[in-house]
Every structure is written in structure tokens, then in C-alpha cells.
*Asks:* 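Just passing along the structure, written as C-alpha cells.
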Amino acid sequence: MIDSSDDIPFFGDSEPVKRPSGLAARAMAARNQSAPAPDYLIGLNPEQRQAVVTTEGPLLVLAGAGTGKTRVLTTRIAHILATGLAFPSQILAVTFTNKAAREMKERVGMLVGGAVEGMPWLGTFHSIGVKLLRRHAELVGLRSDFTILDTDDVVRLIKQLIQAEGLDDKRWPARQFAQMIDGWKNKGMAPHEIPEGDARAFANGKGRELYEAYQNRLKTLNACDFGDLLCHPIRMLRANPDVLADYHRKFKYLLVDEYQDTNTAQYMWLRLLAQRPQSKEPGQRGGSVNVCCVGDDDQSIYGWRGAEVDNILRFDKDFPGATIIRLERNYRSTEHILGAAGHLIAHNEGRLGKTLFTEQSDPEHEKVQVHAAWDSEEEARAVGETIEQLQRPDANGRRHNLNDMAILVRASFQMREFEDRFVTMGLNYRVIGGPRFYERQEIRDAMAYFRAVCQPADDLAFERIVNVPKRGLGDATIRQLHDYARARDIPMIAAARDLVETEELKPKARKSLRDVVEGFTRWSAALENTPHTELAERILEESGYTEMWQNDKSAEAPGRLENLKELIRSMDFYESMRGFLEHVALVMDAEQNEDMDAVSIMTLHSAKGLEFETVFLPGWEEGLFPHQRSLDEGGRSGLEEERRLAYVGLTRAKKRAHLWFVSNRRIHGLWQSTIPSRFLDELPEAHVEVAEAEMSYGGYNRFGGGSSGFSAGRQNPYGASRFDNPEIFASTYETPGWKRAQANRTDATSRNWGSRSGHQVERVGYGESGPRGVRTIEGELVAKSTTDTPSAFSIGDRVFHMKFGNGNVAAIEGNKLTIDFDKAGQKRVLDGFVTPV
DNA sequence: CCGAGGATAATTTTT
DNA sequence: TTATCCTCGG
């Protein structure tokens, strides 16, 4: 068993292991003598306090952004412990991310002091799933030392299976099937449970068989994917009522963080554990479920990966008699930010409904600012300028730290422009998210070595490194190994051991393979009696892996070596190599250095849960935000999720929020004219102000001729938006005919934006009148429609383009024109965006 | 076994 | 446009 943390007797936690002392003791005393509230309740507002002390029965805490959600959760745990309602090991507390789990552990620790041991059952759904599985692995046909595969392994495995089926792995991409499996597992569905339609949709109708083959393969590999960490426990608990009953007895309190993000499997898992049969034990009313879910339906932004907002919306039906507490008092943002965010999110249907309020109201507070820029380059430049301005001391000598500012983008391609700009400006920035430490090639290779040593059955790991560094063990040899292993149902490494003793291999391959096998034999032997960091170093050394990078002349090689050193160093924190591998499988994040003062750049998704004084939200344009794909694939609910994303973005800001939209954005290399996001029009006038003048930066006055270069001659296919018109833009902020525009908009949306199959794209040239079409900004569609739509232009034509001015057509490919512009040089644009002169 | 060049696809991300 | 992946040729 891997976990040593659960040192409290597993079943029958009837004897206190440690007497709570200090704060906890005082709290207990307070409870017994109905004395004044214990310290930890002080400073909580009435709703928060109620959420903390309502320990019995189902409870849903609807915690709006910045309303002290984590505080409630941690205080609640502290309260349960302090009042002796349960021991740490009797509380099951689940979060989504390791970060959240870590934070919660820390904060509970601070509240309760050293009085109680760390909570063994506080963790992510997945880590708790692993814990359950390690205990009861045999009940689902695994050994307790099973391996956890990550996405990369899974894809490679599936690819093998697809090829083994004799299918074309181009036509049926493994990645896509991996996602399908993940989707099924998110719903808790085993191969025989998936809908017929789904099964038919892949691999010439062999989807189900393939899924089955995949599961079988995992079993032989003694491995789990992430989805299994949820699904196996469910199956195990269902099939073994006695085990389930043990856990029912064990867990007195259940807490779930971010409930709006739970998927169906997690929901089933939770219900299984929460639905305790009638119980006469003290501390629980007969049959009631002490389950407390905390979440915010307005911040549900992970529908695309299986989260079911419905879980939170249905809570009181799932748990009859549930108490629902709303936390609406916001401690983070100004009245303007809350006003803007609240008004925006009110456009969503199907929400439980909350209105955040604050007592921080001050005429000095800035309204939410909306800025327009000509294109994304100007957007980045202007944001950079604003940041510099904030950095300079103001009239009161106050300056702002870069750490207090963040740029939150919808899609990561937007980051680049900001990075470029900040590099030239010499402005410190850090990108949050992005490729992670443990996903780097060299780290994964090294890990594969370690895995293969610890886990001789881990064929995937073995296969990954058997020829890394190059040892002349090509495809042919690998296939041979593979076949031999499959035929005898043994791990590949065992097959290798056998094969080197035979004459079946070519002498060269045989020699190399023998070296590899001997290496693994040595390392396995050393596993028990060598310090694991030392062994790790030895493995990388003796296998020639380190050397491989030392000989590599590429620019990244030194960095990779550095990463390997870092990997070894970080192993020091773990007791054993196995412990380390387990950690890495589940915790894929690595900390960022917080020392430097720098602006953060990240996606809106990764910003959830964070807060900044000043937040920049660029790219509020139709097609980007709300994103085209969300609209195409998710329809109305897709739009609502985008709106929640906007809400999340806005509510990250404490003091200042700057929204931006541009008129032109380059998408897949082509310049596209864009229109302001509908979300901008959904903001309340009272809390929003349209910023001016930013546009004439550095004399970038454009060819359009208008003073701002913005919106002249542009047509909004939806009809009028208050952001279309420069005069309105200046001050008055009227929304004439907005209702009508809204109507046109939805109309147009369903008519045209739902087309993913190409060719129905209607483009509207500038100044064209007649029936209004929608100008798609979806590069894919436009690009695909090229081949059979000959352009109306011919080489040599004199044309005018909004961004680049006048020029001559130099080349034509379908509807893509290459134009030599007089001022801007050669560019490629869509013919819809130029007019003949 | 490596490198070049063509095809392909380009939201969001945790575990 | 750009990045990545994969195939093909040397």
C-alpha cells in the first residue's frame, strides 16, 4: 500500500487517536458550555457562519466569486474537527486540482494547528480514487501496484490497437479515440454501456470493440488511465456492498469543492459514498447524508470536458431536504466590476441565481473600461502602454506591481502578440499554463526508464525507451519483441530477456538488446538497496540517456539536461522511486517562480480561482469570444458557457478591468475583419465606460482615413451594436434598436454559424447591400471553400483594403489574394475584404 | 537513421 | 501563418 498517511485505524475509528488541544480544545469547551463562539468563527459573515455550522444533512453552498468559499470550506472542516464530530480520517474532502487540495490542507492545518494529523482523505477525485483502488485493486482485476497512464501513453497504446485492427490510423486518429474513451469514462460508461451511435461512429463501426480491446490491454498492462481512477472505484463499490458499507461507516462527512465542475462519473462516485443507509450511529441523523457541496453554477466553464452543470442545479432534488446557502457578499471587487459581471451573467438562463454585492463602494472607483483597437498588434501595444502607465508612480506616489496585473485571453494563440510586445518593451511577464514540466520529452523519457524499472509489466514505458538513445533496435526488432510477448502473454522486458538467449535476432540487435536487458536487471536489483535519487542518476547515466543529450548540439539540449537534474533533485522529496512516480502521475504541475515582479499572461480557464488588482481582457470579438467553436458545437449552452467564462474573467479583477476588442485579427494567417463581442453589449451602461484615444498611438493612423481608423465603413452583420459607431463610442452610450439587433443576431447565428461542413459560408464585401449575410471569421471554413469558388478578381486588379489601403493583386488562389500594397507591402487576404478601385 | 518537405490542423485543460 | 506530424528518400 502506497499511502502511509492514513495511520489512523481504518475501520472502527471509535477511539480518539489524539485529543484535540489548543484551539480545538477551546472550541470543544465552547460547544459544551454554550460559551461565546470559538475564535475560528469570528470574522465570518452570517451566511458563511451558517455554512460552517450546518454540519448535519445535505448542504449546498452557492459561493459566488470572491465570497470566501475556501474559507468556509476550511473553517467547516476545522469546526467538525474542533467539535469532535469526526476525526480527520472520517472526513472525505474532494477537490478538482492538486493545487486546491494542497491549499485546503494548508489552511485547515493553520486553523486547527498541530492538534490533528493531516487529513488522509483530502485530495482530488483522482488521488482518492487511486487510494481506494490500491486497497481493493484485486476486486477490479488489477494488482495494487498498477501503473497510471497519462494521455500520451494512452494515445500511443490506442494507436497500436488501431493498427493491430488493421485500420488506417490516419483516418481514425488515436487522439480522437482517446478523447472519446475519456468522454465515455466521464460518464461512467463501460464498453457495453456506450450508445450504439457512439460505437458506430469510430473505426468503421468498431468503436465498442476497440474500447473493449483497450480495456483488456490495460488489464494486461496492470494499468489505469485517468478515467479508470473514477470508474473502477464506482464499479468496485457497486459490486461489493460490504466494502461500500465499510466506507459508509467510515466517512461521517463529505465535502466537495467546485461542485459545478463534477462530471457524471464523479457524481455517481459521490452519490455512492453519500447515500448511506439508515444509521443509528451518533453524529448522524438516521439516513441523512452529511454531504456539503460548494460551488458556483455561474463559474462552470468545463462543460467541454464532461462537467455537468446540471449536477449543481439539481442538488436539492438529488438530496431531498437539502439546505441551500448563498454566499453573495463579495470581498474582492469594486461595485462596478460586480455590476458589470452581474448584469452580463444575468443573460444566462438556467442558473440558480445569485447577485453579488459589495460594501466597497466609492465614487473614486474606476468603471469597467472598454477599449477598441484597430488590430491585435495595436491591442498589445496599448495594453503594454497602460501597464507602463500603471507602473509609474501616480499623483500620490503610488505605483502598481506587475504581479497585480494579468492579461486573460480566450485562446492561447492570443498570448504571442503580448509576449512579443513585452519582449520589445522589456516588460517582465510570465505565462501561466502552457506545456508543463512533466510533459517535456526528456522528463517523460527519464520517467519511462524509472517506470520500467519499478514496474516490469509496464510495456509502454519499456517500449518508449528501448531505443532511446538509439541502439539500433528498430521497428523490426520491436515488432518481434511485441509478438513474442503477446504470444506468451508476458511483459516485453521478459520477452527481451528470453529472446537474447535465442538465435532469432540479428547479431547487432541482439547485442544491444542484451545490454538493455542487463541494465534493467541491474537496476531492478538495486531498487531495494540503493537510495532512489542515486539509482535514478545511475539509470540515466548507464543507459546512455544523459550522454545522448550531452552529444546533442541543438539549442534545447542544455535546457533538457538542466531539467533532468531538476527532476532528480525533486525526487529527493519522496521516500522511494515508486512514491515519486505515483506523485508525478497524479500531480502534473510544477511551481512557478513567484519572486519576479511580472505581468501574468494566461487563458481565462486557468485564471479561475485567481484574483488581480488589474485585469486586461483582450479579444472580445465575435468568433473569438464567444468562440466560434463553442457556438457551433454547443449551441445555446455553448454560448452560455462562454458567457460564464466572461463572467469568470471579469470577476478576477479587484480594482480595474480593461476590456478590448479589435477590428481586425489574423486568424490562421489571414486577416479577418471582426465585430465586437455581443458580451460587450450585455454590459450595463452604469458600470462601464468607453475609453477613448488609445487608438491614435504612435501615429498609427491608418489608411481607412477616419480619425480613429476604427469602424469607418465597417458593417456589422448583426445590425447595429453600440460599439459600431464612433460618435456613440465617444460618450452617450445609447443602445438604439438593440432589441431588434439582438433578434437579428440570434437569427443569423442559427442560420449560418452552425455550418461546419463548409461551402455555405456567405461572405459580404464591403459596402455591399442587399440581404445581410454573416461574415464568418472561421478561417477553416473560409479556407476550405477556396478551391471551387473562383475569385472575382484577376491578377493586376487595383484594389482597396481596409487595413492595408490600395494595392495590386499579385496572385490568386481560390478566394485568397496575394496583394502588393502600396504602403503595407505584400499580404495575403481574403477577396471578401477588398474592393475594386 | 536522419533530414527534408509535404500534409494537416490550428479553444479551453485536469487528472 | 505557423507548428507539428509523418512519410519518404538518401
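Because only heavy atoms are used, hydrogens play no part in the values below, and waters and symmetry mates are left out as well, while side chains stay in. Every chain is numbered from 1, with letters handed out A, B, ... down the list of sequences.
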*Asks:* Check the distance between B:dT14's C1' and A:Trp304's CH2 and give it to me in whole angstrom.
*Replies:*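 Whole-Å distance recorded here is 8 Å.
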
*Asks:* When we call it a touch if two heavy atoms are under 4.0 Å apart, what does A:Arg416 touch: a base, just sugar-phosphate, or nothing?
*Replies:* sugar-phosphate

*Asks:* Provide the closest heavy-atom pair for A:Leu604 versus A:Val648 in the form atom of the first, atom of the second, distance.
*Replies:*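 Of all heavy-atom pairs spanning A:Leu604 and A:Val648, the closest is O-CG1, 4.3 Å.
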
*Asks:* Between the base of B:dT12 and the side chain of A:Arg629, is there a donor-acceptor distance below 3.5 Å?
*Replies:*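 Between B:dT12 and A:Arg629, which were checked side chain against base, a qualifying N/O pair under 3.5 Å is absent.
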
*Asks:* Has A:Asn98 got a side-chain N or O lying under 4.0 Å from the OP1 or OP2 atom of B:dT14?
*Replies:*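 For A:Asn98, the contact criterion (side-chain N or O under 4.0 Å from OP1 or OP2 of B:dT14) is not met.
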
*Asks:* Examine B:dT14: is either OP1 or OP2 under 4.0 Å from a nitrogen or oxygen in the side chain of A:Arg436? Give yes or no.
*Replies:* yes

*Asks:* Please state whether the rings of A:Trp304 and A:Tyr302 are parallel, tilted or perpendicular, taking 30° and 60° as the class boundaries.
*Replies:* tilted

*Asks:* Nearest nucleotide by nearest heavy atom, which residue falls closer to the 5' end of DNA chain B, A:Gly472 or A:Glu641?
*Replies:* A:Gly472

*Asks:* Quick check on B:dT14: is either OP1 or OP2 less than 4.0 Å from any side-chain nitrogen or oxygen of A:Asn263?
*Replies:* no

*Asks:* Does the side-chain ring of A:His668 sit on the six-membered ring of the B:dA10 base, less than 5.5 Å centre to centre and under 30° in tilt?
*Replies:* yes

*Asks:* Would you kindly give the CG-to-C1' distance between A:Asp632 and B:dT12, to the nearest whole Å?
*Replies:*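 To the nearest whole Å, that distance equals 15 Å.
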
*Asks:* Is the number of heavy atoms from other residues, nucleotides or ligands under 6.0 Å of A:Glu547 CD greater than 12?
*Replies:*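 12 or below, so no.
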
*Asks:* When you compare C:dC5 with B:dT12, how far apart are their P atoms, in angstrom units rounded to a whole number?
*Replies:* 16 Å

*Asks:* Rounded to whole angstroms, how far apart are CD1 on A:Ile667 and P on C:dT1?
*Replies:*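 These atoms are roughly 15 Å apart.
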
*Asks:* Let's see if you can work this out: which of B:dT13, C:dT2, B:dT11 has an atom nearest to the side-chain heavy atoms of A:His605?
*Replies:*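 For A:His605, the side-chain atoms sit closest to B:dT13.
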
*Asks:* Does atom CZ (A:Arg636) have a neighbourhood of more than 12 heavy atoms from anything else shown, all under 6.0 Å?
*Replies:* yes

*Asks:* Given B:dT13, B:dT12, B:dT15, identify the nucleotide with an atom nearest to the side chain of A:Ser412.
*Replies:*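 Ranking B:dT13, B:dT12, B:dT15 by closest atom to the A:Ser412 side chain puts B:dT12 first.
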
*Asks:* What is the separation between atom CD on A:Gln260 and atom C1' on B:dT14, rounded to the nearest whole Å?
*Replies:* 14 Å

*Asks:* Picking from A:Trp184, A:Tyr211, A:Trp172, A:Tyr214, what satisfies ring pair (Phe, Tyr, Trp, His ring centres under 6.0 Å) with A:Phe202?
*Replies:* A:Trp172

*Asks:* Rounded to whole angstrom units, what separation is found between the CG atom of A:Asp169 and the C1' atom of C:dT7?
*Replies:* 12 Å

*Asks:* Report yes if a side-chain nitrogen or oxygen of A:Ser606 is closer than 4.0 Å to either non-bridging phosphate oxygen (OP1 or OP2) of B:dT12; otherwise report no.
*Replies:*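 No.
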
*Asks:* In whole Å, what is the span from the CZ atom of A:Arg666 to the C1' atom of C:dT2?
*Replies:*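 One finds 10 Å between C1' of C:dT2 and CZ of A:Arg666, rounded.
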
*Asks:* Can you tell me which nucleotide in C:dC6, B:dT11, B:dT13 comes closest to the side chain of A:Arg305?
*Replies:* B:dT13

*Asks:* B:dT13 C1' sits how many Å from A:Ile432 CD1, rounded?
*Replies:*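 Atom-to-atom, A:Ile432 to B:dT13, this comes out as 15 Å.
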
*Asks:* Could you check whether A:Arg643 makes a cation-pi contact with A:Phe679, meaning its NZ or CZ is under 6.0 Å from the centre of the six-membered ring and within 45° of the ring axis?
*Replies:*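 Here A:Arg643 fails the 6.0 Å and 45° test against A:Phe679.
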
*Asks:* Do A:His627 and the base of B:dT11 stack face to face, with centres under 5.5 Å apart and an angle between planes under 30°?
*Replies:* yes

*Asks:* Among the candidates C:dC6, B:dT12, B:dT11, find the nucleotide nearest to the side-chain atoms of A:Thr603.
*Replies:*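 Closest nucleotide among those given: B:dT12.
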
*Asks:* Quick check for you: among C:dA3, B:dA10, C:dC6, whose closest atom lies nearest to any side-chain atom of A:Lys170?
*Replies:* C:dC6

*Asks:* I need the CG-C1' distance between A:Asn467 and B:dC1, as an integer number of Å.
*Replies:* 10 Å

*Asks:* Taking ring pair (Phe, Tyr, Trp, His ring centres under 6.0 Å) as the test, write out the residues that go with A:Tyr647, two or more places apart.
*Replies:*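 Ring pair (Phe, Tyr, Trp, His ring centres under 6.0 Å) list for A:Tyr647, sorted by chain: empty.
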
*Asks:* The side chain of A:Arg410 lies closest to which of these nucleotides: B:dT12, B:dT15, B:dT14?
*Replies:*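 Within the option list, the nearest is B:dT12.
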
*Asks:* Taking atom P in both B:dT13 and C:dT2, compute the distance separating them and give it to the nearest angstrom.
*Replies:* 23 Å

*Asks:* Given C:dC6, B:dT11, B:dT14, identify the nucleotide with an atom nearest to the side chain of A:Lys159.
*Replies:* C:dC6

*Asks:* Between B:dC2, C:dT2, C:dC6, which nucleotide has the shortest distance from any of its atoms to the side chain of A:Lys470?
*Replies:* B:dC2

